[in-house]
Amino acid sequence: VQLVESGGGLVQPGGSLRLSCAASGFTLDYYVIGWFRQAPGKEREFVGAISRNGDFTGFSDSVKGRFSISRDNAKNTVYLQMNTLKPEETAVYYCAADLRWRWNSDTAARANKYDYWGQGTQVTVSS
């Protein structure tokens, strides 16, 4: 069971990036997927999450309206589209998955509710 994030890199303020979270060893269809980020010296924070079938998404207030999440279960991949990026959003971005619970926006924001984590991908927002 493995999650692999990709798509990180260096982007200018105001720019966009799309991160991918690909699963191997299991099918993502039955998992709630969350995205979190962690900047140096700071705690890991919730970014957004998507329900099993993609009907529901939830985001932190800081990214609402700029970020979106989608899933392509046929490709076993979930995407985090990030627009209008800010320098303070420089961080390692992680995806996480859990099978045990159905969609609940409060639960989805809690990192300790996810069983599986990827290794992270670095996003640097700088001019």
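We number each residue from 1, following the sequence as shown.
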Hey, are the side chains of [X] and [Y] touching, using non-hydrogen atoms and a 4.5 Å cut-off?
{"X": "Gln122", "Y": "Thr90", "value": "yes"}
{"X": "Phe59", "Y": "Arg66", "value": "no"}
{"X": "Glu89", "Y": "Val63", "value": "yes"}
{"X": "Tyr114", "Y": "Trp101", "value": "yes"}
{"X": "Arg102", "Y": "Arg52", "value": "yes"}

Gap between atom [atom2] of [Y] and atom [atom1] of [X] - 0.5 Å precision:
{"X": "Arg37", "Y": "Arg44", "atom1": "CZ", "atom2": "CZ", "value": "13.0 Å"}
{"X": "Ser62", "Y": "Lys86", "atom1": "OG", "atom2": "NZ", "value": "7.5 Å"}
{"X": "Cys95", "Y": "Ile69", "atom1": "SG", "atom2": "CD1", "value": "10.5 Å"}
{"X": "Asn104", "Y": "Arg110", "atom1": "CG", "atom2": "CZ", "value": "9.0 Å"}

Practice task
Please determine, by modelled atom types, if Ser70 and Asp72 share a side-chain donor-acceptor pair under 3.5 angstrom.
Solution key: no
Problem - Thr124 and Ser126: side chain donor to acceptor below 3.5 Å - result: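 The answer is no; no qualifying pair exists.
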Exercise for the section: Give a yes or no on whether a salt bridge exists between Asp115 and Arg100, defined as a side-chain N under 4.0 angstrom from a carboxylate O. Expected result: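 Looking at Arg100 together with Asp115, the answer is yes, because their closest N to O distance falls below 4.0 Å.
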Practice task
If the plane angle is over 60° it's perpendicular, under 30° parallel, otherwise tilted; pick one for Trp103 and Phe56.
Solution key: parallel
Only distances under 3.5 Å count here; give the side-chain donor-acceptor pairs of residues 14-34 to other protein atoms, sequence neighbours excluded, each with its distance to 0.1 Å.
residue: Ser16; atom: OG; partner: Asn83; partner atom: OD1; Å: 2.9

Fill in the blank from the handout: From the list Tyr93, Phe46, Tyr94, ring-ring contact (aromatic ring centres under 6.0 Å, His included) partner of Phe36 resolves to Phe46
